[in-house]
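In this chain, numbering begins with 1 at the start of the sequence shown.
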Amino acid sequence: MRPLFIRRARQLVTLAGGSAAPLVGEKMSNLAIIENGSVWIENGTIVAVGPDDELVRRFADRLAEAEVIDARGKTVTPGLVDPHTHLVYAGSREREWTMRLGGAAYMEIMNAGGGIHATTKATREASEETLYEESKQRLDQFLLHGVTTVEAKSGYGLSLEHEIKQLEAAKRLDDTHPVDVVSTFLGAHAVPSEWKHDPDEYVRLIINEMIPEVSRRGLAEFNDVFCERGVFTPDEARRILEAGKAYGLTPKIHADEIEPYGGAELAAEVGAISADHLLRASDEGVRRMAERGVIGVLLPGTAFFLMTKAADARRLIDAGVPVALATDCNPGSSPTVSLPLVMSLACLHMGMTPAEALAAATINAAHAIGRAHLIGSLEPGKKADLVMFNVPNYVQIMYYYGVNHAEMVIKGGKVVVKEGKVYI
């Protein structure tokens, strides 16, 4: 593979300096931008980053062998990282959307057999091949919008057989698609209909059968729970997360989305890598998360789509919680693959600045899935995952909301998106 030389970016947004620990507070605004910046890449790895004239001098005797990409007038950033998606599923739920537009609440729809249960039915009926093909189309769209790594949760199987099927499809996507797919086991997404009258037995099933088998097969790195009234209690969530830790699965948690329910506090207690949603997190929960360094993964697209008030990112950032952003891509409450749109919503509805939003969708998002040593910033030794946006500065990525500015995406040193097309 020839060296790749990306030259003369109007803004080269490196995010350098945040690999050892997630950015917090004022550090989230330090993007380490290089004007007229360039990047030298070899064998899929970043070798050098700096001003163009500096790199030209350093590699003067090798310029002729390199493939050169002219980034003049453009903004180049690390590949975007989405640390909370429900990528693998079947079916669609647009009918529920019209119900919500008519006034029905999310939990009301779910308790009536819609919501997660509707997608569970469709996902159980789908073959692994169908799940793979439908999810691959979504993954292509993520890539077109500049996302080079996603976390993917199970949680629409809600039985050992079908949770494994979802995770196997995600593993196959990771093996065959340019986007890296990091898997999370979410058997505790809801109590399935067949266990509605004996939820304790379903919790035991998760702990005694699902988690051990997922671990044995090496199908997930993380273990997640939807901790919410009417779904899983804090005590049930604690048991499930501790059981996962015993099998090497790092805890994550859906926390305090609908009401203050102790999810943020539990995340700190069990040492979760992240607590996600946090629309209604208590002050005490936020304080404990900051003390333990739990990353708050915020999902403004979900609040937007559910027509509810978004999480207060300003409160979390000012309290010292490291904040990341994600799409929460799923068929019911956030059917989007556009992380740039989510970044815009974070600025418009959660009190974040454009600099904070970009940090939250790159280096902090990488920390939220344990990948900050590999991705999330443009520094020597890291994977060569980059996006060239057709705008002169990073603010315009979010300012022109709802527009896909990603002109070129480079994954592992290879151009995989160019002029609106995916090249695999």
Spell out, as yes or no, whether a donor-acceptor pair under 3.5 Å connects the side chain of [X] to the backbone of [Y].
X    : Y    : result
E151 : T85  : yes
T149 : V81  : no
N364 : V323 : yes
T119 : I116 : no
R124 : L158 : yes

Any chance you could measure I206, atom CD1, to I240, atom CD1, to the nearest 0.5 Å?
4.0 Å
May I ask you to check if R229 and Y261 form a cation-pi contact, with NZ or CZ under 6.0 angstrom from the six-membered ring centre and within 45° of the axis?
no
[X] versus [Y], closest heavy-atom pair with distance:
X    : Y    : value
D328 : S333 : OD2-OG, 3.9 Å
V76  : A71  : CG2-CB, 4.0 Å
L278 : G296 : CD1-CA, 3.7 Å

Show the numbers, then the answer: is there a side-chain contact (heavy atoms from CB on, under 4.5 Å) between Y247 and F185?
CA-CA 12 Å; Y247 281 90; F185 170 63; over 6 Å; no
Check the pair R280 / E257 against salt bridge (charged side-chain N to carboxylate O under 4.0 Å, His left out), numbers first and verdict last.
CA-CA 6 Å; R280 307 288 182 262; E257 178 182 5; over 6 Å; no
Can you check whether [X] reaches [Y] side chain to side chain, under 4.5 Å on heavy atoms?
X    : Y    : answer
T327 : V337 : no
Y394 : P354 : yes
R217 : E168 : yes

Check against salt bridge (charged side-chain N to carboxylate O under 4.0 Å, His left out), D52 and R7
CA-CA 6 Å; D52 184 70; R7 298 192 61 186; 2.8 Å; yes
How about K171: does its NZ atom have over 12 heavy atoms from other parts shown lying under 6.0 Å from it?
no
For the side-chain hydrogen bond (donor to acceptor under 3.5 Å, both in side chains) test, which of E163, Q166, K165 pairs with S154?
E163
Can you check ring pair (Phe, Tyr, Trp, His ring centres under 6.0 Å) on H162 and H189, steps first, answer last?
CA-CA 13 Å; H162 296 293; H189 198 192; over 10 Å; no
Using the rule given for salt bridge (charged side-chain N to carboxylate O under 4.0 Å, His left out), can you reason through D140 versus K136, listing the C-alpha separation, both sets of side-chain angles and the distance that settles it, and then say yes or no?
CA-CA 6 Å; D140 286 348; K136 179 181 178 297; 3.5 Å; yes
For K252 and T184, run side chain to side chain donor-acceptor pair (under 3.5 Å): C-alpha distance rounded to whole Å, both residues' side-chain angles, the deciding distance at 0.1 Å, then the answer.
CA-CA 9 Å; K252 284 180 170 284; T184 294; 5.6 Å; no
Residues two or more places apart in sequence or in another chain: which of them pass side chain to side chain contact (heavy atoms under 4.5 Å, CB included) with K196?
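Not a single residue meets the side chain to side chain contact (heavy atoms under 4.5 Å, CB included) criterion with K196.
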Identified side-chain contact (heavy atoms from CB on, under 4.5 Å) partner of L173 from the options V150, V88, L131:
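For L173, the side-chain contact (heavy atoms from CB on, under 4.5 Å) test succeeds with only one of V150, V88, L131, which is V88.
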Does the separation of the ring centres of F226 and H254 fall below 6.0 angstrom?
yes
As a quick check of understanding, evaluate salt bridge (charged side-chain N to carboxylate O under 4.0 Å, His left out) for R371 and E221, giving each step before the final call.
CA-CA 12 Å; R371 292 294 192 279; E221 295 182 35; 2.6 Å; yes
